[in-house]
Structures are given as structure tokens and as C-alpha cells.
There are 2 protein chains.
Amino acid sequence: MRPAINRTEAKNPDGAEPRDQRDTKERILDAGEALFMEHGFEATSLRQITAAAGVNLAAVNYHFGSKEELFQAVLTRRLDPMNGERVRLLEQYERDMGERTLSCERILNAMFIPALRLARDNQRGGKNFLRLLGRAYADPAPFIRHFLSEQYAPMIGRFKTAFSRALPHLPKKELVWRLHFLMGAMSYTLAGTDALKLIAELNPSESGNDELLLQRLAPFLVAGLQAPLPDLAEPKAEIERARA
Amino acid sequence: MRPAINRTEAKNPDGAEPRDQRDTKERILDAGEALFMEHGFEATSLRQITAAAGVNLAAVNYHFGSKEELFQAVLTRRLDPMNGERVRLLEQYERDMGERTLSCERILNAMFIPALRLARDNQRGGKNFLRLLGRAYADPAPFIRHFLSEQYAPMIGRFKTAFSRALPHLPKKELVWRLHFLMGAMSYTLAGTDALKLIAELNPSESGNDELLLQRLAPFLVAGLQAPLPDLAEPKAEIERARA
DNA sequence: GAGTGTTTCAAACGTATGTTTGAATCATAT
DNA sequence: ATATGATTCAAACATACGTTTGAAACACTC
């Protein structure tokens, strides 16, 4: 018989986790993380996942309810703690600074450092997960977009006000756009080592080094955030002129 | 009977295009562009496409050979001319400048202006296509990545040397990374108006204005390209310190 | 207007998908 | 031991997919 689909609480009376359930669920999450990362959500089948995890096909629906819920569980498992850590770190920085305003560099650090810690935690699939996350950001599936925006909203809101304080001259609307660009560069960067070959072949010894990668990304983004305001007047003249 | 799959050349002796074929192929391309844009490659079925186009299911395989080849045709139709225009514009700028070096702004303009022209050409699905393109960049399907990298390689190479001349102090390797970040911010920006809601609700009257969007993106990217070099020494100390 | 090659069409093919089922197995508490 | 509930398993379910087929419809030349 199957228990209620949505509830994962089915412990024994003594409070100890049933060992095999934990193993099965975690094996599924690990296999799902790797395969979703490699092929995306739609192109990954439950049969691939259960085969890679060494469990029965029906185990996914038994433990998670559906393929979509499995995908969300794969994301939540790492995203939840990481975003919590980001907010915690940001608030600690703010406490340390007292009344003085926080610099953009430090705010960005509060976003990057938890991601770096995750990337470094290889025994728990860190690097794979960051690639998966970057891809999920670009996935058109509505349930993924809903899930991510709900998962991210509190953190993004918190950082938006922090950046807004660090860049007082920047209009709110402009800041929103620039945060959007920032998330784009970050997601895209995390998503693909492959995509990088689009631009140039890279020394494979340096590839896979996500830490250097984020350290190169940070100054790029800080400079972008602090860029002068765009001149929004009369773009069409330039465009038409170039046609000649 | 079906003709050779790969060849699209099946004209009549007098050289005039058979009217119905052009209509069918183009209706399929239009419907595919819209649906691929909305749901991605894997999640869009040929039955959806042919139904939206008002043509028979078999028409896709007859005219394009396979779903993958249809997708490539959808991309090629607009990407090919756009990238050609980009290179042409860049070379014109270089000719105009003579010996003087081109500024980053103008090089970026050579990338943006053709994209803006496409976005503005709404009767030919311009804006939809840019979103589709942004999503294709993040798609993990191998055939998409191969196709895009082949399609983009010449253009990217051309712009890389242009930027390299405009930013002589920047090491080659650093430039490659920054171009990667640039492509990321650009793709992500073009891909989703939806994704923007992740950060904040936007005035719907301004949403959909891709021109303002790219004009806001340009200064952000120029500043990022010109950012000071990252300090790659001793990141771990900072990361560990923040843990306390 | 017969002949030729192209394009459309309804139908089917083979395969793969996510999900469900009901019996079997396992762990534990009484 | 036995009863109870959680978990596994092989099998099947219903449906959707991309692709193929062979005949009908069409356009055009001679």
C-alpha cells in the first residue's frame, strides 16, 4: 500500500529514521541531481534516474509523488540552505559595519561565498548542483519558474535593499535591471562549462575551477553595478544611421 | 513519395518557387519559433507545431527531415542574417576609424544594433526569436550546443580580436572569461521577461520594450569589460573567515 | 490530357514516457 | 509468533511521442 503522497514523515515510533528509506530517497536525489544537470528536466526520464540509483522505478512516485516533485526536492535540498546562508552572511556583514554602508563588493561576497562553499563540497555533489541550478534558471517550464521565484524571492529582496543602500545614486528601476543582468551572468556562468567552448577553447587544467571563476566574475559585476547611467535618448538615430 | 531529406531545393524548371511549399514551410517555421520559444525544444511536440501551423503532421518530416533539423532551421532563418550583419557592421566601424582603435561601446553596438533591428521587426517574429535564442543558449541538448557554437564561432572570433584591441591591458584569458559573462547576461536578458519577475514586479507598460532593455544592458557590460583585474590571491582565507 | 514529379493527408508503427497496481518483502511492536 | 504498517518489486496502464507509409491531390510540361 502507498501512504499519503505528499508526506515524507513516516517515522518509526522510536523516532529513528528507517535506514533503507533514507538510503533510497537519497540515492534517487543524487542520481536525479546528476542526470537533471546533464540533460535537463524534460529530457531526463524516471527510468534513467531509477536505474542510475539502483532502485525500483516506482520508488520515485512512492517517495516523492511525481517527477516534478522530485525535481523540486533535488533543488530544495541544496538551495534552501545556501540561500539561508547568504542572508545570514549579509546580515552579519551589516552588523559588523554598524552605521557605515556596506560596499558592493562585500554584498556580492555574501552571495558568492555560500555558492563557493557549495561548489567545494564535492562529496555532496556541489559543482554538479550549481550547473543544475544555472540551467533551471533558464528552463521555460512554468512549475520550475514558479518554484524558483518562490524560493528566491526573500533572498533577492533582502539583497536588493542592501544594494540599493550601497548605490544610492542609482534609480530603483535601474537597479532592478542591473540585478537582472547580474543574475544572468551568474546563472549562465554556473550553468555551463560547455558553453564556454563557444568562445574559446580553455586550458582543461583550469577548467572546472569554479572558485577562480567566481572570483573573476565578481569584479566584472561590481563594475557593471557601478556603471554610469545609460543615455536613453534617441537611440533610433544611431540605429538608422548605421544602416547606411 | 518523399524526396531526398536533406535538400530543400526542389524548384520548378522555370525557377519560380512553388507557392504552397513556401507557405507550408514558413507556417511551420513560424509556429515552431513561437512554440519552441514558449516551452523549449523537448517540451514542444510536432503535433502542437503542425496543429498551430494548420498543416499535416507529416509535413515537418517531409520538409525538414526531423524535429531537430526543424529546430536548427528555425534558428538559422534569423540567426544567420543577424550574425552576418554584426560582422559587417563591425568591419564598417573599423574602416571608419582608420588607424584609431575602436571603443568598447562601439564594438558592443555592432553586436546590439542588429539584435535591436531584429527585435523591432515584429512582423517577422523578432522579439519572440530573441527569447528563443536566449533559451537555446542554456539548453543542454548536445545538438543545440554544437549547432550554436558552429553558428557563432566566426562572429565571436571576430569580436574577440576587436575587443582585444580595445582592451590591450586585459590578458587574453581574462578577456575570454569576460566575453563569457557578457554572453550570459545578454542571453539571460533576452531569454526571459518572465524571469525578471523573479527580482521584482515590473511596470507592464515598460515591459516588452527590448530596445530600452539593451540600452540599459550596454553600459553595464562596458563597465564590466573595463573592470580592474581580479585579485586571485588567497580567496580561501576570506571564505573561511566568514564562516566564524 | 496523359505523364511526371511534388506536396498533402489519414493512418498506422514502434517506442518511450509518467504513473498505478497489488502482491511480496521487510522491520518493528506487541 | 503474529499483526501492522512501511517499503520494494515486477508488471501493466494509458498516453504521447517522432517517424514512416502509401495512396490521394496537386501543379506543371509536353
Side-chain angles (χ1 to χ4, degrees), chain A residues 1-28 31-32 35-36 39-74 141 143, chain B residues 1-28 31-32 35-36 39-74 141 143:
Chain A
M1 282 298 148
R2 222 173 80 236
I5 298 180
N6 284 332
R7 286 321 313 136
T8 170
E9 311 303 345
K11 2 178 171 187
N12 295 335
D14 64 356
E17 290 286 325
R19 206 182 54 78
D20 263 23
Q21 169 181 345
R22 230 194 55 117
D23 282 356
T24 297
K25 284 184 76 167
E26 220 156 79
R27 277 212 302 271
I28 292 175
L35 287 168
F36 283 140
H39 307 114
F41 174 74
E42 290 281 351
T44 303
S45 74
L46 292 185
R47 283 169 177 83
Q48 290 172 35
I49 294 175
T50 52
V55 305
N56 188 273
L57 168 62
V60 168
N61 292 281
Y62 175 77
H63 284 288
F64 298 93
S66 69
K67 186 187 179 186
E68 293 195 358
E69 287 170 282
L70 167 63
F71 189 76
Q72 293 179 10
V74 166
F143 89 94
Chain B
M1 281 297 151
R2 225 174 75 236
I5 296 180
N6 285 333
R7 286 322 311 135
T8 171
E9 309 304 345
K11 4 179 173 185
N12 294 335
D14 64 356
E17 292 284 325
R19 205 181 56 80
D20 264 23
Q21 170 180 345
R22 229 194 57 118
D23 281 355
T24 297
K25 285 184 78 167
E26 219 156 82
R27 276 212 302 271
I28 293 175
L35 288 168
F36 283 141
H39 307 115
F41 174 75
E42 291 280 351
T44 302
S45 73
L46 292 185
R47 283 170 176 83
Q48 289 173 35
I49 294 175
T50 52
V55 304
N56 188 272
L57 168 62
V60 168
N61 291 281
Y62 175 78
H63 284 288
F64 298 94
S66 69
K67 187 188 179 186
E68 294 196 357
E69 287 169 282
L70 166 62
F71 188 76
Q72 293 179 10
V74 166
F143 89 93

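Quick caveat: nothing in here was measured; it's all calculated off a predicted structure. So that the names make sense, note that chain A is the first sequence line, chain B the second, and so on, each numbered from 1.
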Fill in: Side-chain heavy-atom pair N61(B), L46(B) within 4.5 angstrom cut-off
yes
Discussion item. In this structure, how many angstroms lie between the P atom of dT20(C) and the NZ atom of K67(A), rounded?
Written reply: 15 Å
Response to the item:
In short, A53(A) meets R27(A) closest at the heavy-atom pair O-NE, 2.8 Å
Item to complete: Supply the atom-to-atom distance K25(B) NZ to D23(B) CG, rounded to the nearest 0.5 angstrom.
Response: 12.0 Å
Worksheet item: Between dC17(D) atom P and F41(B) atom CZ, what is the distance in whole Å?
Response: 13 Å
Practice prompt. Quickly work out the I28(B) CD1 to dT8(C) C1' distance and round it to whole Å.
Written response: 11 Å
Worksheet item: Can you list the residues that meet the side chain to side chain contact (heavy atoms under 4.5 Å, CB included) rule with T44(A), with sequence neighbours excluded?
Response: L35(A), F36(A), H39(A), Q48(A), I49(A)
Worksheet item: Taking K67(B) for the side chain and F41(B) for the main chain, is one N or O donor matched with an acceptor at less than 3.5 Å?
Response: yes
Worksheet item: Tell me: CG of N61(B) to C1' of dG22(D), nearest whole Å?
Response: 16 Å
Practice prompt. State, yes or no, whether a side-chain contact exists between F143(B) and F71(B) at a heavy-atom distance under 4.5 Å.
Written response: yes
Worksheet entry | Positions of residues 43-51 of chain A (non-hydrogen atom under 4.0 Å from DNA chain C), listed by number | T44(A), S45(A), L46(A), R47(A)
Worksheet item: Do any side-chain nitrogens or oxygens of H63(B) fall under 4.0 Å of OP1 or OP2 in dT8(C)?
Response: yes
Nucleotide N/O to protein N/O under 3.5 Å, stretch nucleotides 9-11 of chain D:
residue: dA10(D); atom: N7; partner: N56(A); partner atom: ND2; Å: 3.4

Item to complete: Grab the CZ-C1' distance between F64(A) and dT19(C) for me, whole Å please.
Response: 16 Å
Worksheet item: Where is the tightest heavy-atom contact between T50(A) and N56(A), given as atom of each residue plus distance?
Response: CG2-O, 3.5 Å
Worksheet item: Does dG18(C) have OP1 or OP2 sitting under 4.0 Å from an N or O in the side chain of S66(A)?
Response: no
Fill in: Euclidean distance, atom CG of residue D23(B) to atom C1' of dT8(C) [Å, nearest integer]
14 Å
Worksheet item: Whole Å only: how far is the OH atom of Y62(B) from the P atom of dT6(C)?
Response: 7 Å
Worksheet item: Over how many whole Å does the gap from F71(B) atom CZ to dT19(D) atom P extend?
Response: 14 Å
Fill in: Minimum heavy-atom distance A59(B)-I28(B), with the two atoms named
CB-CD1, 3.9 Å
